[in-house]
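Count residues from 1 along the sequence. Both counts, for ligands and for their atoms, begin at 1 and track the order of listing. In this text the structure is predicted, and so the values were computed from the model without any measurement.
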Amino acid sequence: MARIVVTGGAGVIGSHLTDVLLAQGHEVTVVDNLFTGAKRNMLHNRDNPGFEFIRHDVTEPLLVECDQVYHLACPASPVHYQYNPIKTIKTNVTGTINMLGVAKRTHARFLLASTSEVYGDPLQHPQVETYWGNVNPIGPRSCYDEGKRVAETLTVNYHEQGHVDTRIVRIFNTFGPRMLFNDGRVVSNFIVQALKGEDITVYGDGSQTRSFCYVDDLVAGITATMGKDGFMGPVNLGNPNEMTISELAKKVISLTGSKSKVVQKPLPKDDPTRRQPDISVAKRELGWAPKVDLEAGLKKTIADFDERLRRGETAR
Ligand code: NAD
Ligand code: UDP
């Protein structure tokens, strides 16, 4: 049994991670400011004696005792991380320093949830961990992309200078139950629009690609990375199954049986053209690969959204 801190544990990936860690018999302290997370994502754990929630902003120092830190706190959707870009940078820089400080003081193992966005609009395809990326330092996505790049640098520096046992995972587009209705990312937008019979909003001509990973697979990859001795990463975690956004729209319409029609909206500035993880390192070092195919993952996510919409869920 380990004492584990999960920052961002009220969010999509963090709440599923918390469930897995509790089921394994660990004690979990979720640290979250509830910006894009929700209490309802943790309510089912309320009576578990191993579970604790601290409403806390990681940009402020925190004193906790623990054996492991999973540092996930950061809004992940472009809509939310661009809402207050300076705050996003503070979360990634000051927040990561604070949580690395916790790991250093308590000799805890530390895992940073980084992102495929460190590759920017990639000129190499698929993306391998040794690729340095193609990132605009002054664009609308920079607060997140550059913030995560500094977070990676800090993590490596705390390892080398501060002797913290660190890991970096680079997460590619991940989806699943519990995404906010207004999350703004493509999978949740399309599902909500399809279920409500609203227009499906494809940005640009829909030819840009992404590779979508189901949250359970991603969580398995994260825990495998934390569990492996002497492995720092960075390691790509994602599903290499690449598709265009237009194809995703068709898939969601067919799985929901929706009568929604597809409409085009302007493509956001600096929207990456292609993205696909090379997961050779994860396969070799962790013996990890995603198991849930897109259709199965979408079906589970659609069922979750459908149930929440029927229930009239509005509040967080
Ligand atoms: P999410 O928005 O659902 O969860 C993020 C959580 O962090 C939320 O609960 C939010 O309230 C919390 N948070 C944000 N700022 C905070 C702060 N200053 N202090 C404390 N808590 C704060 O997003 P997610 O999809 O679960 O992503 C989790 C992590 O994985 C993020 O770090 C994200 O950058 C990374 N990631 C996710 C994806 C993806 O496709 N889901 C891809 C790449 C990287
Ligand atoms: N996208 C879209 N319609 C939407 C939301 C997003 O066409 O309603 C596109 C977006 O422009 C991008 C892709 O879907 O090309 C993935 O967007 P998301 O915000 O989910 O993630 P990211 O761009 O960070 O990978």
* Structure fact -> Nearest non-hydrogen protein atom to atom 40 (O) of ligand 1, with distance, is Thr174 N, 2.7 Å
* Asked: So, are Lys87 and Asp57 salt-bridged, with charged N and O less than 4.0 Å apart?
  -> yes
* To do: Can you sort out which atoms of ligand 1 are near Gly37, meaning under 4.0 Å from one of its heavy atoms?
  => 8 (C), 9 (O), 10 (C), 11 (O)
* Asked: Based purely on interatomic distance, does Lys87 place a nitrogen or oxygen under 3.5 Å from a nitrogen or oxygen of ligand 1?
  -> no
* To do: Tell me which protein heavy atom sits closest to atom 38 (C) of ligand 1, plus the residue, atom name and distance to 0.1 Å.
  => Ile171 CG2, 3.8 Å
* Asked: Checking side-chain contact (heavy atoms from CB on, under 4.5 Å) for the pair Gln264/Asp205: CA distance, chi angles, key distance, verdict?
  -> CA-CA 7 Å; Gln264 276 193 19; Asp205 65 5; 4.2 Å; yes
* **Distance-only polar pair, side chains of Ser15 and Arg178, donor-acceptor under 3.5 Å** => yes
* Salt-bridge present (Arg149, Glu146; N to O < 4.0 Å) -> yes
* Asked: Does any N or O atom in Ala73 lie less than 3.5 angstrom from one in ligand 1, N or O only?
  -> no
* Asked: For the atom pair CG (Leu100) and OG1 (Thr155), what is the distance rounded to the nearest 0.5 Å?
  -> 4.5 Å
* Structure fact -> In this structure, atom 4 (O) of ligand 1 is nearest to the protein heavy atom Gly11 CA, 3.5 Å
* Structure fact -> the protein heavy atom lying closest to atom 3 (O) of ligand 1 turns out to be Val12 N, 2.9 Å
* **Listed partners of Val281 passing side-chain contact (heavy atoms from CB on, under 4.5 Å), at least two apart** => Glu129, Phe231, Val235, Arg284, Glu285
* Neighbour list for ligand 2 [protein residues, heavy atom under 4.0 Å] -> Pro78, Glu117, Arg141, Asn173, Gly184, Arg185, Val186, Asn189, Phe190, Thr201, Val202, Tyr203, Gln208, Arg210, Ile245, Pro268, Asp271, Arg275
* To do: Using a 4.0 Å heavy-atom threshold (strictly under), name the region of Thr7 that reaches ligand 1: side chain, backbone, both or neither.
  => neither
* Would you call Glu117 and Arg141 a salt bridge, taking side-chain N to carboxylate O under 4.0 Å as the test? -> yes
* Run the side-chain contact (heavy atoms from CB on, under 4.5 Å) check on Thr18 and Phe51 step by step: do they pass? -> CA-CA 9 Å; Thr18 299; Phe51 175 76; 4.0 Å; yes
* Test the Arg308-Phe305 pair against the cation-pi criterion, namely NZ or CZ under 6.0 angstrom from the six-membered ring centroid and within 45° of the ring axis. => yes
* Pair Glu52-Thr29, side-chain donor/acceptor within less than 3.5 Å -> yes
* **Heavy-atom proximity to atom 34 (O) of ligand 1, best of Tyr144, Phe35, Tyr70** => Tyr144
* Structure fact -> Candidates Thr115, Val186, Ile13; heavy atom nearest atom 37 (C) of ligand 1 found on Ile13
* Asked: So does Lys251 pair up with Glu295, basic N to acidic O under 4.0 Å?
  -> yes
* **Which segment of Thr91 sits under 4.0 Å of ligand 1 when only heavy atoms are counted** => side chain
* Per atom 22 (C) of ligand 1, closest listed option by heavy atom (Ile54, Asn33, Val169, Leu218) -> Asn33
* Structure fact -> for atom 9 (O) of ligand 1, nearest protein heavy atom and its distance come out as Asp32 OD2, 2.5 Å
* Nearest neighbour of atom 14 (C) of ligand 1 from the list Cys74, Ser114, Ser188, Gly176, on a heavy-atom basis -> Cys74
* **Per-atom contacts, ligand 1 versus Leu34 - under 4.0 Å to a heavy atom** => 11 (O)
* Asked: Near Lys148, which atoms of ligand 1 are under 4.0 Å from a heavy atom of that residue?
  -> 31 (C), 32 (O), 33 (C), 34 (O)
* Among all protein heavy atoms, pick out the one at the shortest distance from atom 19 (N) of ligand 1; state its residue, atom name and that distance to 0.1 Å. => Val58 N, 3.0 Å
* **Close approach, Arg185 and ligand 1, non-hydrogen under 4.0 angstrom** => yes
* Structure fact -> Taken in chain and number order and not counting sequence neighbours, the residues that satisfy side-chain hydrogen bond (donor to acceptor under 3.5 Å, both in side chains) with Glu152 are Ser114, Arg170
* To do: Go through the structure and list residues passing ring-ring contact (aromatic ring centres under 6.0 Å, His included) with Phe172, not counting sequence neighbours.
  => none
* Heavy atom of Pro75, distance to ligand 1 below 4.0 Å -> yes
* Any idea which protein heavy atom is nearest atom 27 (O) of ligand 1, and the distance to it? -> Ala76 CB, 3.7 Å
* Asked: Parallel under 30°, tilted from 30 to 60°, perpendicular over 60°: which one fits the rings of Phe110 and His71?
  -> tilted
* To do: For Asn173 and ligand 1, answer yes if some heavy atom of the residue is under 4.0 Å from a ligand atom, otherwise no.
  => yes
* Nearest-contact summary for atom 29 (C) of ligand 1 - protein heavy atom, Å -> Leu72 O, 3.3 Å
* Taking the side chain as every heavy atom from C-beta outward, state whether Ser260 and Lys196 have any atom pair closer than 4.5 Å. => no
* Asked: Hey, is ligand 1 close enough to Thr36 that some N/O pair sits below 3.5 Å?
  -> yes
* **Interatomic spacing from OG1 in Thr88 to OH in Tyr144 - rounded to 0.5 Å** => 9.5 Å
* Asked: Any nitrogen or oxygen of Gly9, main chain or side chain, under 3.5 Å from a nitrogen or oxygen of ligand 1?
  -> no
* Asked: Out of curiosity, Lys90 NZ to Thr59 OG1, how far, rounded to the nearest 0.5 Å?
  -> 7.5 Å
* Would Asn239 and Ser211 count as having a side-chain donor-acceptor pair, cut-off 3.5 Å? -> no
* His56 near ligand 1, heavy-atom distance under 4.0 Å? -> yes
